[in-house]
There are 2 protein chains.
Amino acid sequence: MTPLRNVLFIMLDQLRWDHLACNGHPAIRTPNIDALARNGVSFDSAFVQAGVCGPSRMSYYTGRYVSSHGVTWNRVPLSIEQLTIGDYLRPLERKMALVGKSHVIADLDGLARLGIGVDNPVHRQISQGGFDVIDRIDGHGSPDGDSGYTAYLLDRGYTSDDPWRDYVVSGMDEAGKIQSGWFLRNVRLAARVAEEHSETAYVTDTAINYMTSQCEKPWALHLSYVKPHWPYIAPAPFHAMYDENDCLPIAKLATELEDPHPVYAAYLAQEESQSFAQDEIARHVRPAYMGLISQVDMHIGRVVDTLKRLNLLDETLIVLTSDHGDFGGDHWLGEKDLFHDAVTRIPMIVCDPREAANATRGTRISSLVEAVDVLPTILDAIGSDYVGSPIEGRSLLPLVFGQAKEHKEFVISEIDYSFRRVRRTLGRKPHECRGIMIRDARWKYVHWQGYRPQLFDLQEDPHEYMDLGTSTVHQFIRQGFNEKILAWHSTRRARKTLSDQVVEKRTDRAKELGIYYGTW
Amino acid sequence: MTPLRNVLFIMLDQLRWDHLACNGHPAIRTPNIDALARNGVSFDSAFVQAGVCGPSRMSYYTGRYVSSHGVTWNRVPLSIEQLTIGDYLRPLERKMALVGKSHVIADLDGLARLGIGVDNPVHRQISQGGFDVIDRIDGHGSPDGDSGYTAYLLDRGYTSDDPWRDYVVSGMDEAGKIQSGWFLRNVRLAARVAEEHSETAYVTDTAINYMTSQCEKPWALHLSYVKPHWPYIAPAPFHAMYDENDCLPIAKLATELEDPHPVYAAYLAQEESQSFAQDEIARHVRPAYMGLISQVDMHIGRVVDTLKRLNLLDETLIVLTSDHGDFGGDHWLGEKDLFHDAVTRIPMIVCDPREAANATRGTRISSLVEAVDVLPTILDAIGSDYVGSPIEGRSLLPLVFGQAKEHKEFVISEIDYSFRRVRRTLGRKPHECRGIMIRDARWKYVHWQGYRPQLFDLQEDPHEYMDLGTSTVHQFIRQGFNEKILAWHSTRRARKTLSDQVVEKRTDRAKELGIYYGTW
């Protein structure tokens with residue numbers, strides 16, 4: 001099959017699986033993402049490897065599980081030796097361009113140890129996780145020197161020492177007073193930035209300029225929106241597009257609060273959970289969150305139009321996904337981190353324009369897939385053989401081409417809550433805060449370091465209300481999952497400095513090399 | 001307590017725990033190692049993290065388990081980002097000098113990716129795993145440019161294009177014909193090299209010169225013998241010091257061959273096992289192996305004499321250990337790799353000259369300890385705080401000072417037999433060859449990727465003859481060990497680019513940084 005020329009890897013930040021019209025949300029309007037789903041395959045059971053940005057994204061970018069790439073939490077540096085999407089594309093003479101968020105934190109200690117100073121071009125490449133940064137905005141803070149966004153805002157008259165803070169994430173109340181969108185009470189105000197100057201618009205403009213400028217060259221672009229991640233405040237008209245009545249039901253039951261798992265209990269006590277556990281707050285915030293999603297959707301329409309205009313739709317693989325979801329009050333929780341589907345299940349749409357993909361075009365695939373499968377899918381689409389590399393995921397193209405029906409028996413997600421207040425609530429040390437989720441089509445099981453496990457029967461209890469972690473009759477189920485996690489650990493690519501192909505060549509070669517240790 | 005000035009970290013290669021007089025061997029003579037044991041602490045239950053050189057040594061040098069440092073087999077490069085003993089000593093203004101074997105393989109791909117060429121001093125440092133190489137001989141092959149041994153031999157009249165091959169590991173038979181010590185039939189001949197020019201003597205001379213040359217400077221030296229590793233041929237008089245009657249009983253039972261575990265069965269079929277399974281071959285080789293041990297012991301006496309002469313015995317931590325054992329026919333096996341105590345249990349002697357260690361001087365400690373504990377022990381002795389680093393071991397000094405009685409509930413060892421012929425025998429792919437052993441005071445349990453587990457009751461069956469891996473009554477024992485391995489995985493230091501101390505400082509700091517995600 002002819003490899004595809006271009007890759008457009010679109011990520012939204014903090015987008016729940018169920019907050020797209022094509023995934024069944026009855027009120028939200030996402031016509032452009034819906035159109036992508038119609039033109040490609042929508043994976044209905046796609047899961048991230050962690051419920052927070054940094055670890056999850058590093059799994060997308062390295063194709064490896066969190067325990068393997070080592071970025072167990074936000075702002076943990078990505079170790080210098082981890083190969084990323086940029087490294088895998090380089091031999092194919094493509095750069096992995098980045099517009100928007102990557103959340104890659106440079107391993108400055110590692111670089112310093114190797115004597116790689118800031119004046120060395122390798123420093124920038126490694127610091128950026130192998131991305132060729134066109135414009136990097138990591139969100140929820142004023143962009144730094146890797147973005148032109150601050151200058152762009154100042155040029156357009158958003159005068160301030162911090163235009164992001166004062167315009168992009170601030171609104172004006174009825175009394176004419178400026179209010180910060182950091183606070184949940186203010187997120188329904190219109191952001192003071194014009195929609196066409198918002199982060200979402202700016203990132204889209206930059207991506208469109210990039211694609212247009214590439215002319216005949218093959219390209220790969222990570223278009224990585226910082227929204228609908230908090231601060232939840234949206235620019236007009238999206239700030240007022242939805243109201244309380246448009247929200248999905250908040251998935252929570254009073255029984256969840258009876259004898260909760262200790263880690264869950266510690267999360268319930270966090271301020272964000274105390275806020276979002278109040279229905280009126282959850283229903284106040286969710287419409288703003290939905291507005292941000294519809295805004296991104298509108299701009300994705302512009303991106304697809306650009307591909308059409310450039311006549312590139314037939315030569316471009318499009319992947320659209322998210323780095324994790326958002327509790328938004330589900331399970332009495334705010335924010336993310338934990339393993340409920342609200343957080344770990346994400347949209348994943350793959351549009352392969354080639355004829356082979358017609359077999360599944362417009363269909364939904366329910367087989368379990370993971371974030372680590374995206375990098376190998378991209379490599380597969382552009383004709384790179386990643387098999388035997390440190391990549392721990394597997395290409396989704398056999399599913400997209402209808403050649404395979406099943407992909408994975410289970411998915412894995414991990415947590416390290418050591419940076420969170422919950423660690424102190426629980427009185428634990430920084431290296432005692434790990435948890436691992438295994439989820440198959442029927443069950444979700446969580447193994448906690450130092451605590452009893454959790455278990456949910458997703459068939460009987462699809463909303464994960466009833467923790468069967470101590471249920472006597474489910475003892476063998478839990479034990480079976482312990483064994484599956486253990487077996488999964490054996491499959492992780494610990495040996496990352498030699499490919500399987502080299503191992504194959506070197507197998508049983510001692511005598512060839514003149515080494516005899518058992519010959520009489 | 002005053003930190004110690006110097007470190008002498010002595011390693012023998014392929015030395016079994018039971019092949020020292022001080023560990024109960026009735027025939028072998030190892031007076032100098034016995035003296036070290038009398039002057040320090042002898043750990044009776046010390047285990048390596050892998051049963052082959054490369055992975056085991058990298059666990060010693062990084063303080064990390066094999067799955068964590070990634071060198072799953074011999075000649076797998078040590079990834080550029082792994083911190084080693086040299087990195088930990090550098091801030092203390094000490095180099096980790098190497099004389100002898102390290103088995104570190106340079107991660108040339110990793111260095112090339114970072115643009116670190118051979119002319120960059122960092123290249124050498126990283127290629128050598130952080131060691132300051134005084135003279136490196138990795139054994140079982142002619143030394144390369146990191147050693148002066150070939151020139152040394154040529155200078156002394158061992159004329160050949162490969163004096164190592166033709167003199168050091170060759171003998172002369174009764175007919176005056178040169179025979180290769182690579183072949184087991186020849187290992188009882190005297191090596192053609194004079195004892196004082198052998199590898200063991202050369203390495204010792206080099207180490208003595210190094211220690212002597214340091215004068216008043218604090219130093220740390222890894223004195224790493226390549227013996228008694230094969231080729232087993234020893235120089236006179238050590239080649240004839242022992243005979244068949246001096247061998248320990250070969251630990252094997254016919255019942256071991258009935259319905260053997262598939263991986264064990266594949267190892268039984270290897271040539272080295274087919275040879276060593278013959279009593280006459282095992283008893284032919286073992287006396288040579290014992291001679292090599294006594295030879296190293298003699299030279300260790302010279303090293304200790306040097307410390308005395310330099311008046312450094314009171315200021316030097318001495319650790320003596322081995323990277324793994326040798327089956328030598330036990331369990332019908334030759335060579336190593338698998339998890340029997342013949343391979344994974346090694347001698348470990350720690351001599352701390354300080355008064356605090358008098359409490360245990362000359363005693364034996366039966367608590368389980370591991371190879372990964374050696375690096376933290378060294379760091380602890382010279383006053384470095386390693387806690388919170390990526391090191392996964394723990395200092396043994398609390399045991400040495402009599403402050404603690406117990407150290408670890410269990411030990412872990414791992415295998416990746418992908419480079420071995422057994423992989424082909426079993427029809428497996430390179431990433432399907434992992435096994436993990438967990439051993440406590442009573443049991444040894446092995447979890448195999450793709451195969452049933454193994455279980456041995458060391459109380460009832462100290463020689464590990466009876467595999468209880470399928471025994472119905474032991475189902476809960478096996479299950480308990482699965483859970484312990486799983487819990488152990490959670491304790492591995494996946495986050496290696498940030499210390500626990502940094503995590504502590506950064507915990508729950510969002511609001512300080514102006515980030516609000518849950519405040520009304």
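Here is how names work: the chains are called A, B, and so on, in the same order as the sequence lines, proteins then strands, and each is numbered from 1.
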Q: Identify which of A/Lys496, A/Arg420, A/Arg506, A/Glu504 forms the greatest number of heavy-atom pairs closer than 4.5 Å to chain B.
A: A/Glu504
Q: Which bit of B/Asn482 is near chain A, if near means a heavy-atom gap under 4.5 Å: side chain, backbone, both or neither?
A: both
Q: Between B/Ile391 and B/Arg493, is there a side-chain heavy-atom distance shorter than 4.5 Å?
A: no
Q: Side chain, backbone, both or neither: which part of A/Trp520 has an atom under 4.5 Å from a heavy atom of chain B?
A: both
Q: Should the heavy atoms of other residues, nucleotides or ligands under 6.0 Å from CZ of A/Arg424 be counted, would the total exceed 12?
A: yes
Q: Sort out for me which of B/Ala494, B/Gly514, B/Cys433 touches chain A most, counting heavy-atom pairs under 4.5 Å.
A: B/Ala494
Q: May I ask you to test the A/Glu392-A/Ser68 pair for a side-chain heavy-atom distance under 4.5 Å?
A: yes
Q: Return the option, out of B/Thr72, B/Val76, B/Leu114, B/Leu108, with the maximum number of heavy-atom pairs under 4.5 Å with chain A.
A: B/Leu114
Q: With a 4.5 angstrom heavy-atom cut-off, could you sort out which part of B/Ile116 is near chain A: side chain, backbone, both or neither?
A: side chain
Q: With A/Arg492 as the cation and A/Trp488 as the aromatic partner, state whether NZ or CZ is under 6.0 Å from the six-membered ring centre and within 45° of the axis.
A: yes
Q: Please flag which part of A/His123 lies under 4.5 Å from any non-hydrogen atom of chain B: side chain, backbone, both or neither.
A: neither
Q: Would you say A/Arg185 has more than 12 foreign heavy atoms packed within less than 6.0 Å of its CZ?
A: yes
Q: Does any backbone or side-chain atom of A/His447 lie under 4.5 Å from a heavy atom of chain B? Answer side chain, backbone, both or neither.
A: side chain
Q: Establish, from distance only, whether the side-chain atoms of B/Gln14 and B/Glu335 form a donor-acceptor pair under 3.5 Å.
A: yes
Q: Counting heavy atoms not belonging to B/Arg421, are there more than 12 under 6.0 Å from its CZ?
A: no
Q: Could you tell me whether the side chains of A/Thr507 and B/Arg423 share a donor-acceptor contact shorter than 3.5 Å?
A: yes
Q: Are the side chains of B/Trp73 and B/Ile415 in contact, using a 4.5 Å heavy-atom criterion?
A: yes
Q: Against chain B, work out which of A/Thr491, A/Asp109, A/Val122, A/Asn120 has the most heavy-atom pairs shorter than 4.5 Å and name it.
A: A/Val122
Q: Can you name the residues that form a side chain to side chain contact (heavy atoms under 4.5 Å, CB included) with A/Gln501, not counting sequence neighbours?
A: A/Asp385, A/Ser499
Q: Looking at chain B, which one of A/Arg509, A/His431, A/His69 has the largest number of heavy-atom pairs inside 4.5 Å, strictly under?
A: A/His431
Q: Pick whichever of B/Asp416, B/Val502, B/Val422, B/Ile80 has the most heavy-atom pairs under 4.5 Å with chain A.
A: B/Ile80
Q: So which of B/Gly334, B/Gly435, B/Ser418, B/Gly115 has the largest heavy-atom pair count under 4.5 angstrom toward chain A?
A: B/Ser418
Q: When only pairs under 4.5 Å are counted, which of A/Ser79, A/Ser275, A/Ala510, A/Pro77 shares the most heavy-atom pairs with chain B?
A: A/Pro77
Q: Please look at A/Arg75 and chain B and tell me whether the side chain, the backbone, both or neither of the residue comes under 4.5 angstrom of a heavy atom of that chain.
A: both
Q: Looking only at heavy atoms and a cut-off of under 4.5 Å, which of A/Lys429, A/Gln274, A/His284 has the most pairs with chain B?
A: A/His284
Q: Which answer fits A/Ile515, side chain, backbone, both or neither, if we ask what part of it has an atom under 4.5 Å from a heavy atom of chain B?
A: both
Q: In terms of heavy-atom pairs under 4.5 Å, which option from B/Leu83, B/Val285, B/Leu78 contacts chain A the most?
A: B/Leu83
Q: Using non-hydrogen atoms only, which part of B/Tyr517 is less than 4.5 Å away from chain A: side chain, backbone, both, or neither?
A: both
Q: Please name all residues satisfying side chain to side chain contact (heavy atoms under 4.5 Å, CB included) with A/Thr519, sequence neighbours left out, ordered by chain then number.
A: A/Lys511, A/Tyr516, B/Phe183, B/Glu271
